[in-house]
Amino acid sequence: MANTVVKIDKLVKRYKELVAVDHLSLEIFEGEVFGLLGPNGSGKTTTINCLLSLLSYDKGDIQIFGKDMSPTAYDIKKDIGVVMQNVAVFDQLTVYENIDYFCGLYIKNKAERKKAVEDAIAFTGLENFVKFKPKKLSGGLLRRLNIACGIAHKPKLIIFDEPTVAVDPQSRNKILEGIIDLNRQGATIIYTSHYMEEVEQICTRLAIIDRGRVIAEGTIDELKSNVKCSETVMVEARDVDQAMLEKVRALDHVFETSYENGELTVKYTGGKHNVVRLLNTLQNDNIHIGRVSSEQPTLNTVFLELTGKELRDKE
Ligand code: ADP
Ligand code: MG
């Protein structure tokens, strides 16, 4: 069994009457890329800030590397790297100086620090920009600088809080690949996001949070195997009436049907060849069929079944 890196026990954080984190418990093990997935406002950043002792909280216990976390626990903090949601670098310092500054908070030895800063520059691909000031960097490069500043001191635990928001797809993939690399090199990762696709791509285990609570936890496969809906089929179809809907509803494994704006949606609890059976049924009644698609369950399906809402607002 791997060592526990982070243990959060019944954490409660209130902002006046708003309960932002509500008895949240988590255990994260060495070597994991652990996802904290939840919609905007679900309490991810607040949880991270409490975890880092950057924010006081109302109740709960937090241990990191088996020790109690506190604002002055520098022996713990030196082994943690943080990449915050909002880019936090100094405008008057160059790329190199920024990374050197943050690295210098933890590594005092000059030669060792120089090596660490250069590693971070190479890792984030900022070689050609070391003399640039942050204002001259594109959004994607700025994010990479933010990451370089957070990881240069080679921490054992690295926390990424929505590092890809408003980042172009190319930089986004680079960031995700970089996170996998850091994990391969031995770092335990906590990754918060409201993008389920990213969490599916890189996380070994995750917790889904909503309104400050963990509503589901496990590997992606474990979470998906618990959902009722194993397949959703969508068919563009003309003139589907109530009688037709009932016929579809009566097909094997169907548990829900709806028809809106010329699109028929059918949800299945299991079964094979669902699409073929559905299309045959429609054709037998001379229903005119357009585009057809089938979806396997996603983390959004998990979220939808648990909360009745979509994981994120349509963008
Ligand atoms: P997430 O990171 O998942 O988007 P946050 O942790 O930022 O969520 O926010 C959780 C809830 O707490 C939200 O309802 C948010 O509006 C509220 N909140 C966050 N920071 C503050 C603050 N400083 N003061 C008051 N309310 C806050
Ligand atoms: Mg946040």
Side-chain angles (χ1 to χ4, degrees), residues 6-28 33-62 64 69 71 80-89 139-140 142-147 149-151 157-167 171-172 175-176 179 189-203 205-218 220 223 298-300 302-304 306-315:
V6 169
K7 192 166 170 146
I8 301 177
D9 194 32
K10 300 190 197 77
L11 178 68
V12 178
K13 169 66 189 176
R14 292 194 190 89
Y15 296 111
K16 299 215 173 90
E17 56 281 4
L18 175 86
V19 185
V21 179
D22 187 3
H23 297 85
L24 180 141
S25 299
L26 282 179
E27 193 167 5
I28 299 167
V33 179
F34 190 89
L36 211 52
L37 177 68
N40 285 329
S42 55
K44 302 181 294 294
T45 299
T46 303
T47 301
I48 298 300
N49 286 336
C50 292
L51 178 66
L52 293 166
S53 278
L54 296 173
L55 199 59
S56 65
Y57 43 92
D58 298 278
K59 266 200 236 168
D61 294 303
I62 296 176
I64 303 182
M69 184 59 178
I80 306 178
V82 191
V83 179
M84 284 296 190
Q85 184 168 2
N86 300 317
V87 174
V89 294
L142 204 53
R143 286 276 168 177
R144 286 198 246 159
L145 172 60
N146 200 39
I147 292 172
C149 292
I151 61 148
L157 168 66
I158 311 176
I159 299 168
F160 289 91
D161 192 8
E162 308 229 26
T164 62
V165 169
V167 164
S171 289
R172 177 177 171 229
I175 291 171
L176 295 179
I179 292 172
I189 310 282
I190 300 178
Y191 187 86
T192 89
S193 183
H194 67 279
Y195 297 127
M196 60 172 186
E197 298 84 357
E198 294 186 349
V199 170
E200 294 215 20
Q201 202 175 328
I202 67 168
C203 294
R205 208 160 61 85
L206 72 141
I208 301 181
I209 70 168
D210 185 42
R211 299 176 195 208
R213 291 185 214 178
V214 174
I215 57 167
E217 195 182 348
I220 289 158
L223 291 172
T298 63
L299 290 174
N300 188 53
V302 179
F303 191 78
L304 188 62
L306 289 167
T307 66
K309 346 174 254 201
E310 298 281 333
L311 186 51
R312 69 184 133 113
D313 310 328
K314 296 261 180 324
E315 279 165 9

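Counting starts at 1 for both ligands and their atoms, in listed order. In what follows, every heavy atom counts, from backbone to side chain, and hydrogens, waters and symmetry copies are set aside.
- Of all protein heavy atoms, the one closest to atom 13 (C) of ligand 1 is G41 O, 3.6 Å.
- Each of E198, R172, R143 was compared with T164 under the side-chain hydrogen bond (donor to acceptor under 3.5 Å, both in side chains) criterion, and only E198 meets it.
- Checked against a 3.5 angstrom limit, the closest N/O atoms of K44 and ligand 1 fall inside it.
- Closest heavy-atom contact between V21 and G43: CG2-O, 4.0 Å.
- The shortest N/O to N/O separation between T46 and ligand 1 falls below 3.5 Å.
- Looking at T45 next to ligand 1, an N or O pair under 3.5 Å apart turns up.
- Here the shortest heavy-atom pairing between C203 and I220 reads O-CD1, 3.7 Å.
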Evaluation steps, side-chain contact (heavy atoms from CB on, under 4.5 Å), between T46 and Y15: CA-CA 10 Å; T46 303; Y15 296 111; 3.2 Å; yes

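- By the definition of a contact as any protein heavy atom under 4.0 Å away, atom 23 (N) of ligand 1 is in contact.
- The main-chain N or O of D9 is never found under 3.5 Å from a side-chain atom of D61 such that the two would form a donor-acceptor pair.
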From CA spacing to verdict: side-chain contact (heavy atoms from CB on, under 4.5 Å), V33, F160: CA-CA 10 Å; V33 179; F160 289 91; over 6 Å; no

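- In summary, an N, O or S atom of Q85 is located under 2.8 Å from the Mg ion (ligand 2).
- In terms of polar-atom proximity, N40 is not counted as a contact of ligand 1, lacking any N or O under 3.5 Å from an N or O of the ligand.
- The distance from the Mg ion (ligand 2) to the nearest N/O/S atom of T45 is under 2.8 Å.
- Atoms of ligand 1 found under 4.0 Å from any heavy atom of L18 (numbered from 1 in listed order, with element): 11 (C), 12 (O), 14 (O), 17 (C).
- Nearest heavy-atom pair, L299 versus V199, reported as atom, atom and distance to 0.1 Å: CD1-CG1, 4.1 Å.
- Closest protein heavy atom to atom 18 (N) of ligand 1: Y15 CE1, 3.3 Å.
- In this structure, the protein non-hydrogen atom closest to atom 8 (O) of ligand 1 is G43 N, 3.1 Å.
- At least one heavy atom of P39 sits closer than 4.0 Å to an atom of ligand 1.
- In terms of N/O distances under 3.5 Å, ligand 1 is not approached by A20.
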Test log, rule side-chain contact (heavy atoms from CB on, under 4.5 Å), inputs L26 and L36: CA-CA 10 Å; L26 282 179; L36 211 52; 3.7 Å; yes

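- Closest approach of I62 and C50 over heavy atoms only: CD1-O, 3.6 Å.
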